[in-house]
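To start, the structure under review is shown below, and the notes come after it.
Computed over heavy atoms, backbone and side chain alike; hydrogens, waters and symmetry mates excluded.
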Number of protein chains: 4
Amino acid sequence: MSTLAGSAQKQLKQIVEQIERLEEEKKALSADIRDKYLEAKGLGFDVKVLRQVVRLRKKSHVERQEEQTVLEVYLHALGMLDEMKAVESEVERMIAAE
Amino acid sequence: MSTLAGSAQKQLKQIVEQIERLEEEKKALSADIRDKYLEAKGLGFDVKVLRQVVRLRKKSHVERQEEQTVLEVYLHALGMLDEMKAVESEVERMIAAE
Amino acid sequence: MSTLAGSAQKQLKQIVEQIERLEEEKKALSADIRDKYLEAKGLGFDVKVLRQVVRLRKKSHVERQEEQTVLEVYLHALGMLDEMKAVESEVERMIAAE
Amino acid sequence: MSTLAGSAQKQLKQIVEQIERLEEEKKALSADIRDKYLEAKGLGFDVKVLRQVVRLRKKSHVERQEEQTVLEVYLHALGMLDEMKAVESEVERMIAAE
DNA sequence: CACTGGAAAATGCCGC
DNA sequence: GCGGCATTTTCCAGTG
């Protein structure tokens, strides 16, 4: 038949409600995170870059290096690596100047 | 200058840590939700359908409000809050007239 | 190794250039669309409302298909293509029963 | 009154249709671009990195440098710059080794 | 020029 | 284990 047994129906309802409860909590946390970024913005931080930092910290050092390496190979193939190198030496300079 | 003031540096650290804390909690909730679906699956429910049910319920919750909002924009744009009926049928007609 | 073979390098260049070409065309179309809205504005239409009309029409085009898809999933999951009516009302009931 | 004059109505219809036509073309281009990436993937390229390359080429050298600088300041504040530096010297090595 | 909302991209999940 | 689909996140254009 095409309807669920009464017990199954109850189970289903419970499960759906529990899931919805969890999703609400998750949504609330998303809002909190968004607020944190806004707070940071209010303090003068660059939100976009801040997100980048959080993302970078999530990735392990190894992953980062791997991805970076592939990128450099491609840029090199396109003759764009010299340009990038200029940016990086600027960074080097910054580090040295501290 | 190329470095943050000590106070800003502390703020930044705090913010990043708070964000990471919140993201962990969020991730834990995602895991809980996934587990709920697995539990349901163990009870014989079709997970894909279950997800669709949850999605549908969410949509029907949200959508009414949205449609209301759209209508309000129309009413506002046309500046005729007391000729609702006419506006609505005009909109219907425009959409239908493809 | 850290460099691409000559052939791969050529391929990469070609692909990147083709993508960039396509993105330019896409950008040009975006500009055309923007111009159309401006033209409409010049003729006295309310651009915001006009955008909403276009969006609504798109949605109503897409949404039917989606709903169809949802229905198909249900039918499939329940393996009862010839008891459609029963399934539909079951779904309605489940959604309504919040 | 709440209905458009016949002429305005015709204009509106035309404009909407023209816009929809343009949006379809735009959508087709998006599909073409997606296909290009898939083609590249078939040839063994890393799509994610490829997208990054295209993005980088779009940004001017100056923009790139500015954004990079802010990022480095934040990473420095978090004591993450040494790590990153290691990655970059790896790149340096690659460049030297060619 | 900050905000909102919509498009595109990245990620995660499920099936095979 | 991978490829496709759905969700989530990120980005960008348009608006006030």
Handout entry: Nearest-Å distance for atom pair CD/P, residues Glu23(C) and dA7(E)
Key = 17 Å
Practice task
Can you tell me which residue pairs pass the salt bridge (charged side-chain N to carboxylate O under 4.0 Å, His left out) test with a partner in residues 30-47 of chain D, sequence neighbours excluded?
Solution key: Lys36(D)-Glu39(D)
Problem - Separation of dT10(F) P from Leu56(A) CG (nearest whole Å) - result: 13 Å
Practice task
Whole angstrom is fine here: how far is it from NZ in Lys26(D) over to P in dA13(F)?
Solution key: 10 Å
Fill in the blank from the handout: Residue pairs meeting ring pair (Phe, Tyr, Trp, His ring centres under 6.0 Å), one or both in residues 8-35 of chain B, sequence neighbours left out, come to none
Handout entry: Basic-acidic side-chain contact under 4.0 Å: Glu25(C), Arg21(C)
Key = yes
Problem - Listed partners of Arg51(C) passing side-chain hydrogen bond (donor to acceptor under 3.5 Å, both in side chains), at least two apart - result: none
Handout entry: Gln52(A) CD to dA10(E) C1', straight-line distance once rounded to whole Å
Key = 15 Å
Practice task
Ignoring backbone atoms, establish whether Lys27(A) has a side-chain N or O less than 4.0 Å from OP1 or OP2 of dT8(F).
Solution key: no
Exercise for the section: State which residues pass salt bridge (charged side-chain N to carboxylate O under 4.0 Å, His left out) with Arg55(B); sequence neighbours excluded, sorted by chain then number. Expected result: none
Fill in the blank from the handout: Contact string for nucleotides 11-16 of chain E, one letter per nucleotide 5' to 3', B = base within protein heavy-atom range under 4.0 Å, S = sugar-phosphate only, - = neither, reads S-SSS-
Handout entry: Integer-rounded Å distance: dA8(E) C1' and Leu29(D) CG
Key = 15 Å
Handout entry: Any pair counted as ring pair (Phe, Tyr, Trp, His ring centres under 6.0 Å), so long as it reaches residues 23-49 of chain D, sequence neighbours left out
Key = Tyr74(A)-Phe45(D)
